[in-house]
Amino acid sequence: MTKKTHSPAAIDDAVFLGRAVERLSILIAEQSRIVFDTMGIVIPVRSCSLMTVLATLGAASASDLARELGHSHQLVMQKIPKLLRLGLIQYRNDDHDARRRIFMPTEEGLSQLAKFEQCTVLIREAYAGLFAEVGDVRQFVDRATDALNEKPLDKRINSPA
């Protein structure tokens with residue numbers, strides 16, 4: 001029998017904060033999908049912010065969208081093909097750079113965004129009830145993000161000598 005020399009952290013330990021936040025994100029996406037299905041919204045749950053930004057800008061490159069959303073270009077480009085297949089966005093080539101595509105919402109995309117906007121009222125109400133139970137999770141996440149941007153995790157660790 002081998003002697004145990006290492007005691008790993010339990011998966012509910014604070015060191016796995018990212019995992020806990022990701023689990024919450026997945027749960028919200030799964031439950032939002034049910035609401036979207038009920039309301040006839042075909043926009044992928046995790047693409048609503050992209051669609052909203054694109055509709056606000058009217059037309060934008062993937063780089064523009066990434067910058068506005070604070071995401072990587074790669075993440076934006078992973079979402080684009082499905083939005084194109086669903087007929088929610090279209091593109092044209094950039095007149096000044098043949099390698100660049102300019103994306104814009106289609107009429108169907110704008111119609112879907114209108115349904116999503118109606119849904120946001122219901123979602124806000126649901127979150128208000130949730131926050132009354134557990135505290136304002138959104139404010140907490142935003143404060144934690146700001147604090148980590150101000151002082152990254154590596155600067156918060158006292159390195160052993």
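Shown here is E22, whose CD atom has no more than 12 heavy atoms of other residues, nucleotides or ligands within 6.0 Å. F140 CZ: 12 or fewer foreign heavy atoms inside a 6.0 Å radius. Atom CZ of R23 sits in a sparse spot, with 12 or fewer heavy atoms from other residues, nucleotides or ligands closer than 6.0 Å.
Residue K115 holds its NZ atom at 11.5 Å from CG of L113, rounded to the nearest 0.5 Å. Here the CD1-CD distance, from I123 to Q118, works out to 12.0 Å after rounding to the nearest 0.5 Å. Here the CG-CE distance, from L110 to M104, works out to 11.5 Å after rounding to the nearest 0.5 Å. The line from CG of D37 to CE of M39 is 11.5 Å long, rounded to the nearest 0.5 Å. Separating the CG atom in D146 from the CG atom in D142 is a distance of 6.5 Å, to the nearest 0.5 Å. Rounding to the nearest 0.5 Å gives a distance of 13.0 Å between NZ of K155 and CG of L148.
Cluster annotation: V45 and I89 are assigned to the same hydrophobic cluster (Ile/Leu/Val/Met/Phe/Trp/Tyr, side-chain heavy-atom contacts under 4.5 Å, transitive). A continuous path of ILVMFWY side-chain contacts below 4.5 Å connects M77 to L84, so both sit in one hydrophobic cluster. A continuous path of ILVMFWY side-chain contacts below 4.5 Å connects F36 to L122, so both sit in one hydrophobic cluster. Cluster annotation: L86 is connected to I41 through the hydrophobic network of ILVMFWY side chains, with a link wherever side-chain heavy atoms come within less than 4.5 Å. At a threshold of 4.5 Å between side-chain heavy atoms, the hydrophobic network of Ile, Leu, Val, Met, Phe, Trp and Tyr places L130 and L24 in one connected group.
Looking at heavy atoms from C-beta onward, R101 lies in side-chain contact with N93 at the 4.5 angstrom threshold. Counting only heavy atoms from C-beta outward, the side chains of L75 and K79 approach each other to under 4.5 Å. Using a 4.5 Å cut-off on side-chain heavy atoms (C-beta onward), V76 and S63 make no contact.
Using a cutoff of 4.0 Å between basic side-chain nitrogens and carboxylate oxygens, D97 and R99 are scored as salt-bridged.
Side chains of R46 and S25: a donor-acceptor N/O pair is present below 3.5 angstrom, by distance only. With 3.5 Å as the limit, one finds a donor-acceptor pair spanning the side chains of S61 and D64.
One N or O on the side chain of T52 and one on the backbone of C48 form a donor-acceptor pair closer than 3.5 Å. When atom types are taken as modelled, the side chain of S32 and the backbone of I28 share a donor-acceptor pair closer than 3.5 angstrom. Proximity of a side-chain donor or acceptor of S47 to a complementary backbone N or O of L50 within less than 3.5 Å is not detected.
For the residue pair C119 and V35, the shortest heavy atom distance occurs at SG-CG1, 3.6 Å. The two residues V53 and E68 come nearest to each other via the heavy atoms CG1-CB, 3.7 Å. Listed here is the closest heavy atom pair of L88 and V42: CD2-CG2, 4.2 Å. Across all non-hydrogen atoms, the minimal contact from K82 to P44 is CD-CG, 4.0 Å. Between L54 and P105 the shortest heavy-atom distance is CG-CD, 3.8 Å. For the residue pair K151 and R156, the shortest heavy atom distance occurs at O-NE, 2.6 Å.
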Verdict with reasoning, F131 to Q139, per side chain to side chain contact (heavy atoms under 4.5 Å, CB included)
CA-CA 10 Å; F131 294 169; Q139 263 186 9; over 6 Å; no
Determine, stepwise, if the pair L65 / H71 fulfils side chain to side chain contact (heavy atoms under 4.5 Å, CB included).
CA-CA 8 Å; L65 292 167; H71 290 317; over 6 Å; no
Could you go through the side chain to side chain contact (heavy atoms under 4.5 Å, CB included) check for E30 and I34 one step at a time?
CA-CA 7 Å; E30 288 170 350; I34 295 166; over 6 Å; no
